[in-house]
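First comes the structure, then the notes that go with it.
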Amino acid sequence: MNLVNLESVSHAYGPKPLLHDVSLGVEAGERIGVVGRNGGGKTTLLSVLAGTVRPDSGRVTHNRGLRVGFLSQQDTLDPGATVSEIVLGGLAEHEWAGDQRVREILSNLIGDLDLASKAADLSGGERRRTALAKLLIDDHDLIMLDEPTNHLDIEAIAWLAAHLAGRKSALVVVTHDRWFLDAVSTRTWEVVDGRVERYEGGYAAYVLAKAERARIAQAAEERRQNLMRKEIAWLRRGPPARTSKPKFRIEAAQALIANEPPPRETVELMKFAAARLGKTVYDLEDVTLHAGGPGTGPLVLDHLTWQFGPGDRIGLIGVNGSGKSSVLRLLADTIKPDSGRVVRGRTVRLAHLSQELGELDPTRRVLESVEEVRKYLQLGKREWTASQLLERLGFRGDAQWKVIGDLSGGERRRLQLLRLLMDDPNVLLLDEPTNDLDIETLNELEDLLDGWPGTLILVSHDRYFLERVTDRCVALLGDGKLSLLPGGVDEYLERRAAGTAVTARLGAGAPAAAASAMTGPAGAGAGAAAGAGAPEQGGLSAKEERELRKELNRLERQLDKLSEQESRLHAAMADAASDYAKLGSLDAQLREITAQKDTIEAEWLEVADRLGD
């Protein structure tokens, strides 16, 4: 049963047609991801489907009584209303606290907010999460979300994907988060040149299907060109020659990537990076850092000793407010540690993309502003002009001659990023570089970074991008350490879930006003959880406790030894930068050490949990 139908719909803003003669429908229970270039018509399509924009021509039909929930990019919250009034309609705590679904939504989206806060006092991200929580608490037949992952961290994005997958509502979502698209959608619509191309499956299936369509189209064009050449030859020669027709084989989608090499020559890039950087990039020695300055704000690093080596490509993960941006600013030398020291290599040539847009001369033109940094850049084995790189990042044709003052926020961010790359740095610190970038531009940026030799440290909530451009992930888990994650984002989410469960068992309260009703999906209050855990801890005999503490000490000694081996391997890799074979062997040893370390850390957590430490 179709919930919404579009019949021959067209719509334009000014001279630009965004939708042209589009006919489609959304069925009950269907899950659709919408992709396309920025400004290509994705938001317009959602607004037309939701009925908030009336098309120039054509017909939009909604089922009678259809309940539509629409999260637009526009902020419509009443500034004078409280979070509780907006999300819960002013219900008293006893009226909603018994509903597990409501508690779960509140805990995962606005658990850090005071329900009595006024909307006018919230940040943009907090207002966005509040609007999303309100939408999810209500019942809808069709949910439409325009960039729902904006202002959510990786953990909240994973929760939202699972939540939406468990709902019966139909879903249409516009997002540049490719992992999220794959997690929630079973069909993909691509808005391109006024048309809506439809594909079965999520983002991965869409990429494969689109590549196969392109291959078939190319084969058809080659066939047409071949026939034209023969026709011209026949006209010139007379009777046609006896030639066999070319044969074209349609391969399965998987065959498209069967012989595709890895996106990066990791060892080769590390060797080149070491030649540019030497042995030392950053050494953190006994560093303590608070987010708000010495002794103020959350503790980010606690007596941490760590090395970032040449060619490292590291993703830095943590919840919002954990201090990820502070770590980047520490490495960029814009803030100082409370104690300890940061040793920076003499040859480090740094580029730092922060979340704030840097100063750009609003009177300059786009191409001029890039060429004033450098006109050519060597990436991998190819030299690129400033104009070619601008085109790859979405500035095509006349867009390169636009005045900077007329650019959107997303365009200014792309320009800022390219100016940093053109300065030929050997260390890149990137803080949320994917903000306001469409999928096509993200693909180009990933491709550029694949050929860039140097040390890369990336903070991003875009899980697909994070895993695509980095080789290793480390996490800030609130304990003042950088924890290696051999299992990547999946391991981070598992550790966070395990840590949350331990906190609940030990009776830690939630920060929100109704903490007792929001300690977790199961809905058990803090006091009840603590009571349930007490017999388990109290049941340990003195002998059992001694044995567990001995085991804990043994595991800690093993972790210390592995950490020492890890440091020695990092140093050995820097020394062996010019020895391709040895570097590969050392890298394999390092991966084995990190895997062992991860296993022992998991055992340590289990023992500590039993002891209640």
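Quick note: numbers below take in every heavy atom, side chains included, and nothing from hydrogens, waters or symmetry partners.
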Indicate yes or no: at least one non-hydrogen side-chain atom of [X] is less than 4.5 angstrom from one of [Y].
X	Y	result
Thr441	Phe395	no
Leu164	Leu136	yes
Arg365	Val403	yes
Val459	Val327	no
Asn63	Asn2	no
Tyr206	Leu181	no
Arg187	Glu200	yes
Ile157	Trp179	yes

Please say whether more than 12 non-hydrogen atoms of neighbouring residues, nucleotides or ligands are located less than 6.0 Å from [atom1] in [X].
X	atom1	answer
His20	NE2	no
Glu383	CD	yes
Arg396	CZ	yes
Arg59	CZ	no

Subject >> Working for side chain to side chain contact (heavy atoms under 4.5 Å, CB included), residues Leu77 and Lys134 >> reply: CA-CA 11 Å; Leu77 299 185; Lys134 169 180 169 51; 5.5 Å; no
For [X] versus [Y], what's the shortest heavy-atom pair and its separation?
X	Y	answer
Glu491	Leu485	OE1-C, 3.5 Å
Ala170	Glu27	CB-O, 3.6 Å
Arg101	Ile137	NH2-O, 2.9 Å
Gly40	Val191	O-CG1, 3.4 Å
Asp146	Ser72	CB-CA, 4.2 Å
Tyr199	Ala209	CD2-CB, 3.7 Å

Salt-bridge contact [X]-[Y] (side-chain N to carboxylate O under 4.0 Å):
X	Y	value
Lys42	Asp438	no
Asp450	Arg468	yes
Asp112	Arg129	yes
Glu197	Lys210	no
Glu446	Arg178	yes

**OP:** Please assess His176 against Asn38 for the test side chain to side chain contact (heavy atoms under 4.5 Å, CB included), listing each intermediate value before the final yes or no.
**Re:** CA-CA 10 Å; His176 297 146; Asn38 283 342; 3.0 Å; yes
Would you say the side-chain atoms of [X] pair up with the backbone N or O of [Y], donor to acceptor, closer than 3.5 Å?
X	Y	result
Glu444	Leu393	no
Thr455	Gly311	yes
Trp452	Pro425	yes
Thr188	Gly201	yes
Lys324	Ala475	no
Ser460	Leu466	no
Ser185	Gly202	no
Arg419	Ser369	yes
Arg414	Leu437	no
Ser123	Glu126	yes

Quick one: [atom1] on [X] to [atom2] on [Y], what's the gap to the nearest 0.5 Å?
X	Y	atom1	atom2	result
Leu421	Leu430	CG	CG	7.5 Å
Arg67	Leu142	CZ	CG	11.0 Å
Leu415	Ile404	CG	CD1	5.0 Å
Trp401	Glu368	CH2	CD	5.5 Å
Arg413	Leu353	CZ	CG	4.5 Å
Met422	Glu372	CE	CD	11.0 Å

Subject >> The single option from Val174, Val172, Leu71, Leu171 passing side-chain contact (heavy atoms from CB on, under 4.5 Å) against Met144 >> reply: Val172
Original post:
Given Val48, which of Leu19, Val22, Leu18 fulfils the side-chain contact (heavy atoms from CB on, under 4.5 Å) condition?
Top reply: Leu19
**OP:** Could you check whether the rings of Trp159 and His163 sit parallel, tilted or perpendicular, using 30° and 60° as the cut-offs?
**Re:** parallel
Original post:
Leu88 and Val102: side chain to side chain contact (heavy atoms under 4.5 Å, CB included), yes or no, with the steps?
Top reply: CA-CA 9 Å; Leu88 300 163; Val102 172; 3.8 Å; yes
**OP:** Examine the side chains of His461 and Asp177 and answer whether a donor and an acceptor come within less than 3.5 Å of each other.
**Re:** no
Original post:
Between the side chains of Asn320 and His151, does any donor sit under 3.5 Å from an acceptor?
Top reply: no
**OP:** Evaluate side chain to side chain contact (heavy atoms under 4.5 Å, CB included) for Leu152 paired with Leu132, printing each intermediate quantity in order.
**Re:** CA-CA 11 Å; Leu152 300 185; Leu132 180 58; 4.3 Å; yes
**OP:** Report the C-alpha distance between Asp490 and Arg463 in whole Å, list the side-chain angles of each, state the deciding distance to 0.1 Å, and finish with yes or no for salt bridge (Lys or Arg N to Asp or Glu O under 4.0 Å).
**Re:** CA-CA 10 Å; Asp490 284 333; Arg463 179 171 174 175; 2.3 Å; yes
